[in-house]
Amino acid sequence: MIFAEIEAFAAALPRTGAVAGLDLGTKTIGVAVSDGLRAIATPLVTIRRTKFTADAAELDRILAGREIAGLILGLPRNMDGSEGPRAQSTRAFARNLDARAPRPLAFWDERLSTVAAERALLEADTTRKRRGEVIDHVAASYILQGALDRMGRIGARADDDYD
């Protein structure tokens, strides 16, 4: 099921279980995963895109056995917040993925995630070649970490309501 709001997505998830984050590009898909308590996002791998069926099968293979409770897809909005063709393509990918294997899925604004990932890799003195190899899954971890942080604040606020 695809959720429009991160709050509804968080409510649909079991209490524990990892979440995967995807940075969907035209040529690659960056993949990151969280720990079971959803505190830390870790870059995992980059998939070279071919066609949807092959991409989804590769994603299933990578995530198999990781007990993934849900997916966060980076939504490439324009800087003014509007959605262009890339955002529409991401939404179509999500619909196709949901039809293939339903699990909670939400979008997270990915504006500047690649810029942040590039900056972090430059600060780590990563070579240009290595940056090209890892930038997509590092960007996926930035996307996922943003969503995890937001879900953590939602959970903390809910816990305060019970006190």
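Since the model is a prediction, treat every value here as computed from it, not as a measurement. Note: hydrogens, waters and symmetry copies are ignored here, and every other heavy atom, side chains too, is used.
Clustering ILVMFWY residues whenever any of their side-chain heavy atoms sit less than 4.5 angstrom apart, transitively, puts Leu75 in the very cluster that holds Leu59. Note: the hydrophobic cluster containing Leu63 also contains Val45 (ILVMFWY, side chain heavy atoms under 4.5 Å, direct or indirect links). Linking Ile, Leu, Val, Met, Phe, Trp and Tyr residues whenever their side-chain heavy atoms come within less than 4.5 Å places Ile68 and Ile47 in a single cluster. By the criterion of side-chain heavy atoms lying less than 4.5 angstrom apart, applied directly or through intervening Ile, Leu, Val, Met, Phe, Trp or Tyr residues, Phe52 is grouped together with Ile62 in one hydrophobic cluster. In the hydrophobic clustering of this structure, Met151 groups with Ile143; members are Ile, Leu, Val, Met, Phe, Trp, Tyr whose side-chain heavy atoms approach within less than 4.5 Å, directly or through other members.
Counting heavy atoms from C-beta on, the side chains of Ile72 and Arg150 never come closer than 4.5 Å. Considering only heavy atoms from C-beta on, Val31 comes within 4.5 Å of Leu22 through its side chain.
To the nearest 0.5 angstrom, Asp149 atom CG is 6.0 Å from Arg153 atom CZ. Of the inter-residue distances, the one linking Arg103 atom CZ with Ile2 atom CD1 reads 12.5 Å to the nearest 0.5 angstrom. To the nearest 0.5 Å, atom OG1 of residue Thr50 and atom CG of residue Asp55 are 4.5 Å apart. Here the CD1-CZ distance, from Ile6 to Phe107, works out to 11.0 Å after rounding to the nearest 0.5 Å. Rounding to the nearest 0.5 Å places CG of Leu71 at 7.0 Å from CZ of Phe9. Here Leu73 contributes atom CG and Thr90 contributes atom OG1; the two are 6.5 Å apart, rounded to the nearest 0.5 Å.
Looking at every heavy atom in both residues, Ala56 comes nearest to Leu97 through CB-CD1, 4.1 Å. Nearest heavy atom pair, residue Ile40 against residue Leu148, reads C-CD1, 3.9 Å. Considering all non-hydrogen atoms of both residues, Arg49 and Gly25 come closest at NH1-O, 2.7 Å. Residues Ala94 and Leu105 share a closest heavy-atom pair of CB-CD2, 3.7 Å. Taking both residues in full, the closest heavy atoms of Arg38 and Leu13 are given as NH2-CB, 3.7 Å, listed atom of the first, atom of the second, then distance. Of all heavy-atom pairs between Thr46 and His137, the closest is OG1-ND1, 2.7 Å.
With a 6.0 Å radius and a threshold of 12 heavy atoms from other residues, nucleotides or ligands, Glu67 has its CD atom at or below the threshold.
Ser141 places no side-chain N or O within donor-acceptor distance of the main-chain N or O of Ala41, the cut-off being under 3.5 Å. Using modelled atom types, no side-chain atom of Ser89 and backbone atom of Pro85 make a donor-acceptor pair closer than 3.5 Å.
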If you apply the rule side chain to side chain contact (heavy atoms under 4.5 Å, CB included), what do you find for Arg100 with Asp60, and how did you get there? CA-CA 11 Å; Arg100 188 175 186 277; Asp60 287 345; 2.2 Å; yes

